[in-house]
Structures are given as structure tokens and as C-alpha cells.
Amino acid sequence: MTDRSNTDPQRMEKIVSLCKRRGFIFQSAELYGGLNGCWDYGPLGAELKKNLKDYWWRKNVRERDDIEGIDGSILTHREVLTASGHIGGFSDPMCDDLLTKARLRADQIEPQDGVVYSYTGAGYPDTEWSVERPYSVLIKPEENQNENNARKIAKQYYGQFLKDKELSPKKISLAGESTEEVKGTTSFNPATGSLVTEPREFNLMFKTQMGASSSEDDPNAVAYLRPETAQTIFVNFKNVLETSRQKLPFGVAQIGKAFRNEINPRNFTFRSREFEQMEIEYFCAPEDGMRLTDEWLEKRLDFYEEIGIPREKLHILDVPDGERAFYSKKTYDIEYEFPFGIQELEGVAYRTDYDLGKHGDHSGKAMDYFDEEKRERFVPHVVEPSAGCDRTVLALICEAYDEEVLTDDKGKEDSRTVLRFTPKMAPIKAAILPLLKKSEDQTRIAKEIQKSLQPFINVFYDESGAVGRRYRRQDEAGTPFCLTVDFDTLGESGDELKNTVTIRHRDSMEQERVAIDDLLVWLLKKIQ
RNA sequence: GCGGGUGUAGCUCAGUGGUAGAGCGCGACCUUGCCAAGGUCGAUGUCGACGGUUCGAAUCCGUUCACCCGCUCCA
């Protein structure tokens, strides 16, 4: 599936359904009809997400001497976002063509000259119907357009309001026609000549008021929910540098929530209004930026491989000139083949010294770094691997989802739904099952095993129904191992098998025997 | 934001103006010596929400919320 438009909505629907059925992901405030673009993680989803975050933190913070972690506040000072350019520069003015409803970037409409034909409303002969609503059309005489074009378009526009579909818009009578010559107008869609709506600002940041008694119109009380975790890192650059005694190159990592008022949340949790990021800002000397960007790309690809997302399902988009943010010299998007299309999981961007430079200028506090060896002073450059945590969780689920057709001894077909998580990501590492519930010895031993493993890994005890059914239930939860306490465990087949259990493997459904005393080490090895 | 579709049990869905349904799942008990669907019993729910029409609305109308698809957008 390398075609971007290749999608599988049915597969996605099954995944969404499984997520709810098994308690991975629920819609937020479902009880009250749902909250647009917000999702809640259930018991299994919370474990899965935590495993991902823990592993990311372990690989990028704990196991590296050159990266420090922080956990910044979500509420953000407005000056931080003024300096970063989020307030002011980045909200796009949008307007809609009143006739075709096409959405246009207001700042991208070329100024046009021509004659504006304006109307105050319209009516329909021999009926009660009429509408009073101003509307205009731009006519360009040099394109051989005339008043007939204007009237035709206006009739189509007013025709939208006709309730009776039998009536032809062509017979509409226009009211109050007037004309005016204009130069350099941007109020009309160049493609149709139709009037567009007034430009509206789409500011995608969540605004709030600081202080319990602050007045709603007090500009000094305005704060924002951060639209990205990155800015918290930039504004703490000096603090971390001084307290950690790091030297360039070094990075600051953070996992945390960010908020964007997405115009159109879509594709399950993929585009949410509240989401979690896993970001590193890796500070370096200017001459190392390009090389480190490539190195980080490789490291991040390795990471995805380790959590069970194969390299061949990932696509690297080398974002071309003109499509990158203006301050970025190089950006790679790491994309995954979701069932709804190829979509971005992570961006690895070389942001130059833009961010620290901006905060230096805006705050008036120097952000430069003195390299003692080279006796040089400069503003550090930064490489940013910025991963979407919820998107990666979704990718893990999509990648793990599998339906398998099994044929039993009698040739009867049967299908099995399995989430093939890699063991270190699996929400439940092992299920502990007494073969028979009515065997008191089996349930007692199984519960003892549960108690002994619980402090170290997430395990699940289940004694209900036939063991085969319990195995299948764990397959849908993605549990890689089932530990079954049986009659051999009790010593019925002799001392050799006494105090051992059956370990049933999720993917192959094969079994092996392991001594109870060895279980913890056996499992820890498998889940790293 | 526009256009199209959908919304009934945990899940998948039937029910088109007259007492709220099925399969699976779930819980209890029985059965079960290693791969789901054996037996008995049981709970499922403001039919997305609000308003209207009607003697009567899951069903018709309006509004709204949410999800899906296509545009659009995504610093």
C-alpha cells in the first residue's frame, strides 16, 4: 500500500469497535453525547500508552547521558507564544465563496479590477417567495464578461434559497441592481466572481483566564493552553543548561499534553483537540544541525521498529522547499500506513536558531552559549524530533490488529481476532489461568503466582469458563502469554512437572512448560 | 465551515405511526483434563439530545450533539 489514497475504512471500523469493546479507547463524555475531538483511554489503552511513554523516556532520557527530561506547565504565558509567533502570525484568515461554498485563504486572493454588480435581493414571479439579502458579483470586462454573466450568477446564488425545487432559478427576478467600478478588490472569488464572506480568523489556540477573579476582558489575565510542548523547552533552555551542567550538544525531552482547536478533528484519535506529544529539542552548534537531523531520523526509525512498527510500513517525507516552515532548513515527516491513509506520526525538523533567537530577542535575555574549547559565543541551533504519542498508540493498535482463520481437527473454520503487540508494549503481559476453577489447589497456586508477579509487571487473573475461551479473550487484549496452572502443576504426572505451568504463546498458540520459580525472569526477558 | 451518510443493549444490526428485538458478548450456576460459540437462569436500553405534529413517535418534521466519507484546514 504505497498509494496515499489507498484506504480500508472497514478495517478501521473494526479497530474502533474493538477499542471500545475491550476498553482501549472511549469517546470523551460519551454519556452526554460526546465531546468533539476528545477521547479517553480505558484500562487497556492507558496501560498501552503508558508502556509507550515509559519506553520512549527510557530510550531518550534514562539511557542517554546527553538528554535531560522536563515536565512543563500546560498553562502558558502569552509572551511565550507572542515570541514564538503563535499569537499573531499563524492564524489564517479564511473566507467562503457564497455561491460554491469553496473555502479560500483570504490572504491568497489576488487583487482584482472590474465592475461590481450588486443586488439587494430577489423574488419569483407569480409566487409569494422573495428574499432580501445583499449580494454582489465581480465582472471583468477584459474577459468578455457582461451584465448577463452577473445576473446569471446572482440568480444561481438566490436560487439556493428557493424551497420549492420545481422552480427554476433562471426565472428569478433580481432586485435593486447597481454597478460600481472597483480596483484591487479581494472580496470576490477569482474563479467564480462570486462575493466571499468576510475573512474570519481561525485561531487554533485555546485561550483561558488566569486568576479566579480575573475579568473576562482583562488582557493581562489571558493565558493559553500550550499548542505544542516545544515552547516550554525553549523557555527553559537556560535553566536546564545551568542546573544540569550539560555542554553542547545536548537535548531536553518532554512528554506532555498540547491543545489545538482543530477545525476538523478526524480519523478517530488521529487528529484530536487534546493530544500528547513526545518531544526532544536537541541543541547543537550551527555546523552540526544538518548532520544531526539525519542521525535523529535514523534513531527514530529504529525506535518505531523496536516497538513493533516495521520499517516497511513507514514512509519518510523529505519536506520540500516552500512547504517547510520558513525557519526550517530541513524537515522529515515520518509517516505510517494507517487504514485511513498514509499519515504523519512524527516530524524531525532542523529549526536552526530560530526559537532561541526569538525568545532571546523578545525577553531581552541572552540565549547564547559559550563554547569554551572553541572560544566561541553563539545562539544554539536545534533539531526537533517531535512524535505524536496518541498517534503512535493508534499506529500500534492498527499494526497489531489481525484476524486469523483457523481450521480445527474436524476441518471446521473459525476466526480469531488477535492484537499482536510486541510484548514490551502489550497492556497485559501475562494472564494467569487455573485450568479448572473448581480445583482449589489450582486457583490457590494461580493466585499466588499473580501476587508474586504483580509488583513487576501487569498481569491478569481469570478463572471463568473454558480455558480456550479465556485464551481467545486474551488474544483480543493482545496479551502475549497465558500461564495455565493445571494438574501437572499439582504433581499428578510426577515430580518432573510439579510446580511448572504451561505458557501459551499468543501468536503461535504453541505451549511450553516453565517452572513457577523461573516465571518472573522468563517474562522480564521477553518484555525487556 | 460546506456537502453526503450514520446514530436502537457492551459490540454488530433488525424494527418505517400502535407493548423494545436478534446474534454475539457480559454475569451466576452446571458441564468442561489446553484453544471461542454444551446446558439452565439473568441483566441489559431515557431508541444520541431537545422541541414540534399526533389520541399515540425509535419511526414524521425542526433544531442540536457526535461519529464516518468527500472538500477545506492542519503554525
Side-chain angles (χ1 to χ4, degrees), chain A residues 5 7 9-10 12-14 16-23 26-39 42 81 84-92 94-105 160 197 200 202-205 227-228 230-231 258 260-268 270-273 324-328 340-341 343-344 347 349 404 406 408-409 412 414-417 433-439 442 464-476 482-490 492-493 501-506 508-511 513:
Chain A
S5 58
T7 61
Q10 285 175 347
M12 197 58 214
E13 274 172 35
K14 285 185 195 166
V16 173
S17 168
L18 177 81
C19 280
K20 171 143 198 219
R21 189 169 71 242
R22 289 281 120 146
F26 308 118
Q27 166 138 49
S28 193
E30 188 193 29
L31 193 61
Y32 294 101
L35 184 61
N36 190 292
C38 297
W39 303 89
L81 297 164
S84 68
H86 287 87
I87 294 172
F90 288 123
S91 64
D92 299 328
M94 306 293 300
C95 55
D96 298 319
D97 181 323
L98 284 165
L99 180 64
T100 63
K101 312 296 180 197
R103 171 157 293 173
L104 306 164
R105 281 274 296 271
Q160 297 175 103
T197 58
R200 279 172 301 160
F202 280 77
N203 196 323
L204 301 188
M205 285 200 293
E228 59 179 27
Q231 298 306 324
R260 291 180 197 176
N261 236 328
E262 296 290 353
I263 295 168
N264 198 351
R266 270 295 161 87
N267 290 327
F268 200 28
F270 183 83
R271 177 163 296 126
S272 301
R273 291 196 165 131
R324 289 193 303 272
F326 66 89
Y327 47 77
S328 174
F340 45 82
Q343 298 277 357
E344 183 183 348
E404 190 180 45
L406 302 173
D408 68 10
D409 305 340
K412 204 173 163 190
D414 165 31
S415 84
R416 175 171 89 116
T417 302
L433 320 169
L435 182 61
L436 281 189
K437 183 183 173 183
K438 71 177 180 188
S439 163
Q442 286 178 15
S464 73
V467 74
R469 178 190 293 266
R470 284 178 269 160
Y471 286 154
R472 296 299 179 88
R473 209 176 295 173
Q474 293 305 317
D475 287 342
E476 279 205 343
C482 289
L483 317 180
T484 305
V485 175
D486 56 18
F487 292 92
D488 293 344
T489 312
L490 307 179
E492 281 195 11
S493 306
V501 295
T502 297
I503 295 186
R504 179 263 194 185
H505 292 256
R506 176 195 65 203
S508 63
M509 296 166 57
E510 281 167 2
Q511 304 189 342
R513 286 205 79 90

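Below, read A as the first sequence line, B as the second, and so on, with proteins coming before strands; counting in each chain starts at 1.
Remark: the backbone N or O of A/Glu228 is not paired with any side-chain donor or acceptor of A/Arg260 at under 3.5 angstrom. Not a single donor-acceptor pair under 3.5 Å links the side chain of A/Gln511 to the backbone N or O of A/Thr502. Looking at A/Arg273, its side chain does come within 3.5 Å of a backbone N or O of A/Glu262 through a donor-acceptor pair. With hydrogens and angles disregarded, a donor-acceptor distance shorter than 3.5 Å links the side chain of A/Arg22 to the backbone of A/Arg473. A/Arg470 places a side-chain N or O within donor-acceptor distance of the main-chain N or O of A/Gly465, the cut-off being under 3.5 Å.
Heavy atoms of A/Gly23 sit nowhere under 4.0 angstrom from any nucleic acid atom. Within 4.0 Å (heavy atoms only), A/Tyr32 reaches no atom of the nucleic acid at all. Heavy atoms of A/Met205 sit under 4.0 angstrom from at least one base atom.
Spacing of P atoms, B/C24 relative to B/U32, comes out at 23 Å, to the nearest Å. Taking the P atoms as reference points, B/U63 lies 15 Å from B/G1, given to the whole Å. Nucleotides B/G23 and B/C34, compared at atom P, are 29 Å apart to the nearest Å. Using atom C1' as the reference point in both B/G3 and B/U72, the two lie 11 Å apart (nearest Å). Nucleotides B/G27 and B/G15 have their C1' atoms positioned 27 Å apart, rounded to a whole Å. Taking atom P on both B/U64 and B/G4, the two are 14 Å apart, rounded to the nearest angstrom. Atom name C1', nucleotides B/C26 and B/A9: the rounded distance is 11 Å, in whole Å. If you take atom C1' in B/A14 and the same atom in B/G52, they sit 28 Å apart, rounded to whole Å.
Between A/Asp488 and A/Asp486, the shortest heavy-atom distance links the atoms N-OD1, 3.1 Å. In terms of heavy atoms, A/Leu35 sits closest to A/Gln27 at O-NE2, 3.7 Å. When all heavy atoms of A/Phe26 and A/Lys20 are compared, the pair lying nearest together is CE2-O, 3.5 Å. The shortest non-hydrogen separation linking A/Gln442 to A/Leu436 is OE1-N, 2.8 Å.
Pairing for B/G33 is absent, with no Watson-Crick or G-U wobble pair whose two atom distances lie under 3.5 Å. Searching all strands for a Watson-Crick or G-U wobble partner of B/C67 with both distances below 3.5 Å returns B/G5. The nucleotide B/G17 finds no pairing partner, because no Watson-Crick or G-U wobble arrangement with both distances shorter than 3.5 Å includes it. Partner assigned to B/U54 is none, using Watson-Crick or G-U wobble distances below 3.5 angstrom. Using N1 to N3 plus N6-O4 or O6-N4 for Watson-Crick, or N1-O2 and O6-N3 for G-U wobble, each under 3.5 Å, B/G45 pairs with nothing. The partner of B/G23 is B/C11, by the rule that a Watson-Crick or G-U pair needs both atom distances under 3.5 Å. In a base pair of the Watson-Crick type (N1 to N3 plus N6-O4 or O6-N4) or a G-U wobble (N1-O2 and O6-N3), with each distance short of 3.5 Å, B/C73 is matched with no nucleotide.
Summarising the geometry, the separation between CD on A/Glu476 and C1' on B/G10 is reported as 12 Å, rounded to the nearest angstrom. In this entry the distance linking CD of A/Gln27 with C1' of B/G10 reads 16 Å, nearest Å. Here the P atom of nucleotide B/G1 and the CG atom of A/Asn261 are 11 Å apart, to the nearest Å. In this structure, A/Glu262 places its CD atom 13 Å from C1' of B/U72, rounding to the nearest Å. Rounded to whole Å, atom C1' of B/C69 lies 17 Å from atom CZ of A/Phe270. Taking atom CD on A/Glu344 and atom P on B/C74, their separation rounds to 13 Å, with Å as the unit. The CZ atom of A/Arg271 sits 15 Å away from the C1' atom of B/C69 (whole-angstrom rounding). B/G4 atom P lies 14 Å from atom CZ of A/Arg266, rounded to whole Å.
Taking every side-chain heavy atom of A/Arg260 into account, B/A75 is the closest of B/A75, B/C67, B/G70. Here the side chain of A/Tyr327 is nearest to one of B/C68, B/A75, B/C74, namely B/A75.
The phosphate of B/G1 has neither OP1 nor OP2 within less than 4.0 Å of any side-chain N or O from A/Asn264. Applying the 4.0 Å criterion to OP1 and OP2 of B/C67, one finds that A/Asn267 has every side-chain N and O outside that range. A close approach under 4.0 Å does occur between a side-chain nitrogen or oxygen of A/Lys20 and OP1 or OP2 of B/C11.
With sequence neighbours left out, A/Lys437 forms a side-chain hydrogen bond (donor to acceptor under 3.5 Å, both in side chains) with no residue at all.
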Fill in: Derivation and outcome, side chain to side chain contact (heavy atoms under 4.5 Å, CB included), residues A/Asn264 and A/Arg271
CA-CA 8 Å; A/Asn264 198 351; A/Arg271 177 163 296 126; 6.0 Å; no
Discussion item. Please evaluate residues A/Leu483 and A/Ile503 with respect to the criterion side chain to side chain contact (heavy atoms under 4.5 Å, CB included), reporting the C-alpha separation (whole Å), side-chain torsions for both, the decisive distance (0.1 Å), and the verdict.
Written reply: CA-CA 5 Å; A/Leu483 317 180; A/Ile503 295 186; 3.6 Å; yes
At a cut-off of 3.5 Å, list every protein nitrogen or oxygen paired with a nitrogen or oxygen from nucleotides 48-52 of chain B, distance to 0.1 Å.
none

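Take the nearest nucleotide of RNA chain B for A/Leu35 and for A/Ser17: the residue whose nucleotide is more 5' is A/Ser17.
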Response to the item:
Whether each nucleotide of nucleotides 25-35 of chain B has a protein heavy atom under 4.0 Å at its base (B), only at its sugar-phosphate (S) or at neither (-) is summarised, 5' to 3', as SS--S--BBBB
